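Working notes, structure below.
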2 protein chains.
Amino acid sequence: MTDRASVDEVDQRIIRALRADGRLSVRSLAEQVHISRANAYARIERLRDSGVITGFTAEVAPEHLGLGTSAYVSVSIEQNTWKPVAAALRSVPCVERVALVGAEFDALVTVRCRDNHELRDTVLEQIQAIPGVKATRTWLIFEETEVHDWATAPPARDPGR
Amino acid sequence: MTDRASVDEVDQRIIRALRADGRLSVRSLAEQVHISRANAYARIERLRDSGVITGFTAEVAPEHLGLGTSAYVSVSIEQNTWKPVAAALRSVPCVERVALVGAEFDALVTVRCRDNHELRDTVLEQIQAIPGVKATRTWLIFEETEVHDWATAPPARDPGR
DNA sequence: ATTGAAACCTAACGTAT
DNA sequence: ATACGTTAGGTTTCAAT
């Protein structure tokens with residue numbers, strides 16, 4: 001399940017198409033990518049089995065769900081407590097993403113809250129209560145943009161083999 | 001297209017189901033959520049039109065696409081140049097996300113690169129070349145976890161109205 | 001008014017050859 | 001690539017609450 005084998009240009013086009021529209025039918029995907037339908041089925045299955053495509057999901061605007069306050073929270077962690085602290089962070093409500101990083105802090109956590117009050121509670125009551133958390137800093141997110149095409153953008157200027 | 005009106009518990013269940021599996025058929029979604037198929041169609045359309053659901057996409061593991069090096073890059077920006085700089089950042093290859101934040105820096109950029117060399121190029125040649133960018137700092141991402149359920153997790157403990 | 005149940009034709013699925 | 005039985009997509013109608 002962890003080949004890093006062969007993702008050819010056709011696979012790249014499949015991924016690009018499915019990232020743009022995750023509910024695309026296999027038929028229109030196949031014709032859009034100029035392969036047969038059977039081939040499309042086989043490739044999609046292979047991409048899922050090999051762990052390249054990990055799933056499909058609906059993209060949601062947090063503000064429209066009443067989650068108007070987003071923030072990054074940097075977390076400093078005591079030595080040798082990475083794993084349990086990261087697990088604890090993941091189970092805090094409002095936490096969307098936990099990244100362990102190499103910086104003057106150790107983890108960068110993305111949170112989605114209803115309002116400043118819930119953010120305060122999340123940071124001060126939930127995150128700082130985790131054993132092993134030494135310090136936090138909170139950076140409010142004013143505006144955010146996702147680039148849809150990072151996964152398949154580079155034209156692979158290296159003809160490596 | 002920007003109501004923040006009524007997202008009831010049924011909508012929440014729909015969103016949770018579609019976040020877990022973005023390719024769920026409307027039929028199985030309807031029975032899983034205990035509504036009629038016609039109702040499911042109507043609600044999905046409403047959630048899309050109102051901007052709550054912004055799209056559907058395939059989730060991809062960057063490492064399996066040859067993008068083994070991920071990083072956060074903090075960017076300090078000259079006063080009054082937010083907009084063009086943010087736009088320029090978004091058009092840099094390897095950039096996945098641009099967030100404007102309130103911190104000692106102004107933007108936090110997520111990048112996905114093949115290797116350290118491409119990261120170096122992205123940061124030093126592409127990002128620092130943008131007019132208005134004053135300084136950057138790069139934090140390597142060692143490990144990263146997405147929490148799938150932030151959008152519908154909180155049980156809304158506040159009976160606000 | 002909003003929902004659920006049923007019916008309907010078309011299109012896509014998934015597999016096999 | 002074609003064909004084939006099965007399932008889902010969309011839409012409409014109608015009854016019920």
Side-chain angles (χ1 to χ4, degrees), chain A residues 1-3 5-61 63-66 148-149 151-152, chain B residues 1-61 64 148-149 151-152 155-156 158-161:
Chain A
M1 106 173 56
T2 319
D3 320 34
S6 52
V7 173
D8 64 16
E9 327 80 54
V10 175
D11 291 329
Q12 301 250 34
R13 274 181 279 150
I14 290 175
I15 290 165
R16 192 192 336 268
L18 287 177
R19 280 190 61 79
D21 179 5
R23 283 182 80 86
L24 206 56
S25 73
V26 180
R27 299 182 96 97
S28 34
L29 172 66
E31 69 178 283
Q32 181 172 330
V33 175
H34 306 301
I35 58 178
S36 76
R37 206 156 64 85
N39 195 358
Y41 276 109
R43 282 175 180 267
I44 292 171
E45 188 183 4
R46 184 170 51 73
L47 288 170
R48 298 208 59 161
D49 290 348
S50 63
V52 178
I53 293 178
T54 58
F56 294 89
T57 193
E59 301 176 293
V60 153
E63 327 85 71
H64 286 71
L65 276 175
H148 225 112
D149 247 29
T152 51
Chain B
M1 101 171 61
T2 319
D3 318 36
R4 60 202 58 248
S6 52
V7 174
D8 63 17
E9 327 81 53
V10 176
D11 291 330
Q12 302 249 33
R13 274 180 281 150
I14 290 174
I15 290 165
R16 193 192 335 268
L18 287 177
R19 281 190 60 80
D21 179 5
R23 283 182 80 85
L24 206 56
S25 74
V26 180
R27 300 180 100 99
S28 35
L29 173 67
E31 69 178 287
Q32 180 172 329
V33 175
H34 306 301
I35 58 176
S36 75
R37 208 154 65 86
N39 195 358
Y41 277 109
R43 283 174 181 268
I44 292 171
E45 188 182 5
R46 185 170 49 75
L47 288 170
R48 298 207 59 159
D49 290 349
S50 63
V52 178
I53 294 177
T54 58
F56 294 89
T57 193
E59 302 175 293
V60 154
H64 287 71
H148 224 113
D149 247 31
T152 51
D158 173 301
R161 50 101 187 267

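Remember, it's a predicted structure, so these values are computed and weren't measured experimentally. Here is the naming used below: chain letters follow the sequence lines, and residue numbers restart at 1 for every chain.
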If I take atom CD from residue B:Gln12 and atom CG from residue B:Leu47, how far apart are they, to the nearest 0.5 angstrom? 10.0 Å
Please walk me through it: do B:Asp149 and B:Arg16 pass side chain to side chain contact (heavy atoms under 4.5 Å, CB included)? CA-CA 7 Å; B:Asp149 247 31; B:Arg16 193 192 335 268; 3.9 Å; yes
Compare every heavy atom of [Y] with every heavy atom of [X], then report the nearest pair and how far apart it is.
{"X": "B:Ala151", "Y": "A:Leu65", "value": "O-CD1, 3.6 Å"}
{"X": "A:Asp11", "Y": "A:Ser6", "value": "OD2-O, 3.8 Å"}
{"X": "A:Phe56", "Y": "A:Gly22", "value": "CD2-O, 3.6 Å"}

Residues forming a side chain to side chain contact (heavy atoms under 4.5 Å, CB included) with B:Glu59, sequence neighbours excluded: A:Thr54, A:Thr57, B:His148
Between B:Ser50 and B:Arg46 (side chain of the first, backbone of the second, donor and acceptor by atom type, cut-off under 3.5 Å), is there such a pair? yes
Between B:Arg23 and A:Gly55, is there a donor-acceptor pair closer than 3.5 Å when you use the side chain of the first and the backbone of the second? no
Please tabulate the protein-to-nucleotide N/O contacts below 3.5 Å involving nucleotides 14-17 of chain D, giving atom names and distances.
none

Using residues 29-39 of chain A as the side-chain source, report each donor-acceptor pair under 3.5 Å to any protein atom, sequence neighbours left out, with the distance given to one decimal.
{"unit_1": "A:His34", "atom_1": "ND1", "unit_2": "A:Glu31", "atom_2": "O", "d": "3.4"}
{"unit_1": "A:Ser36", "atom_1": "OG", "unit_2": "A:Asn39", "atom_2": "N", "d": "3.1"}
{"unit_1": "A:Asn39", "atom_1": "OD1", "unit_2": "A:Arg43", "atom_2": "NE", "d": "3.2"}

Degree of bending, the helix from C:dA1-D:dT17 to C:dT17-D:dA1 (end axes from five pairs; round to 10°): 30°
If you define the side chain from C-beta out and look only at heavy atoms, does anything of A:Ile15 sit under 4.5 Å from A:Val52? yes
Quick check on contacts: within residues 32-43 of chain A, what sits under 4.0 Å from DNA chain D by heavy-atom distance? A:Ser36, A:Arg37
Range on DNA chain C touched by chain A, heavy atoms, distance below 4.0 Å: C:dA12 to C:dT15
Whole-Å gap separating P (D:dG9) and CZ (A:Arg27): 14 Å
